[in-house]
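Side-chain atoms are counted along with the backbone in the values below, which use heavy atoms only and exclude waters and symmetry mates.
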Amino acid sequence: NISQLEVDGKKLLTQREELIGKRDVVVKGLDSEVATLYRRLTSRLKGVAVVEVESGTCLGCHMRIRPQMYNEVIGYQAIHRCPNCGKIMISVSKDEDEQNPPAQ
C-alpha cells in the first residue's frame, strides 16, 4: 500500500534526524582533533565513519589488518583508521556487550 509506505518513510526520516541530533551531541563531547576527523570522515563517507574490527578484519571493507594494529585497536591504545577504507576502527568485545546490553 503506497500510503503505508509514505507513512513508514516519514517515520524513518524522523528517526534519522533524531539519531543525527544525538550524534551531534556526542561529537561535541569529543576531543577537538577526534571530532574534526570524525566530521571529515562522515561527510566524505556518506555518514559512516566508524567500523568494528573483528578477528583482525575491518567489517567496513573486510580487509585483514596488521596484527599489531589490531592489538592496538582492541586495547584502545590509539585511534586507528583502516588502511583500505579509511574508517575509524573500534572493537566491541563480547564482555562489553554483556555488561552494557543495548537499550530497548
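Summarising the geometry of R81 relative to G86, their closest heavy-atom pair is NE-O, 2.8 Å, with the distance given to 0.1 Å. The nearest pair of heavy atoms linking C61 to N84 is SG-ND2, 3.3 Å. Considering every non-hydrogen atom in both C85 and R44, the closest pair reads O-NH2, 4.2 Å. Across L30 and V34, no two heavy atoms sit closer than the pair CD1-CG1, 4.1 Å.
E52 has its side chain out of reach of S91: every pair of non-hydrogen atoms, C-beta onward, lies at least 4.5 Å apart. For the pair K87 and V50, the minimum side-chain heavy-atom distance is 4.5 Å or more. In this structure, V53 and I65 have side chains that are in contact, with non-hydrogen atoms separated by less than 4.5 Å. Counting heavy atoms from C-beta on, the side chains of Y38 and R23 come closer than 4.5 Å. Considering only heavy atoms from C-beta on, I88 comes within 4.5 Å of L41 through its side chain.
Not counting sequence neighbours, Q15 has no partner by the side chain to side chain donor-acceptor pair (under 3.5 Å) test. Judged as a side chain to side chain donor-acceptor pair (under 3.5 Å), and not counting sequence neighbours, the contacts of T57 are R64.
Between atom CG of residue D8 and atom CG of residue L13 there is a gap of 11.0 Å, rounded to the nearest 0.5 Å. In this structure, SG in C58 is found 10.5 Å from CE in M69, a value given to the nearest 0.5 Å. To the nearest 0.5 Å, atoms CD1 (I74) and CD1 (I90) are separated by 13.0 Å. The distance from atom OG1 of T42 to atom CZ of R39, rounded to the nearest 0.5 Å, is 8.5 Å. Taken from SG in C82 to NE2 in H62, the straight-line distance is 10.5 Å, to the nearest 0.5 Å. Separating the CE atom in M89 from the CD atom in E54 is a distance of 14.0 Å, to the nearest 0.5 Å.
Around CZ of R16, the count of heavy atoms belonging to other residues, nucleotides or ligands within 6.0 Å does not exceed 12. For E33, the CD atom sits in a loose shell: 12 or fewer heavy atoms of surrounding residues, nucleotides or ligands are nearer than 6.0 Å.
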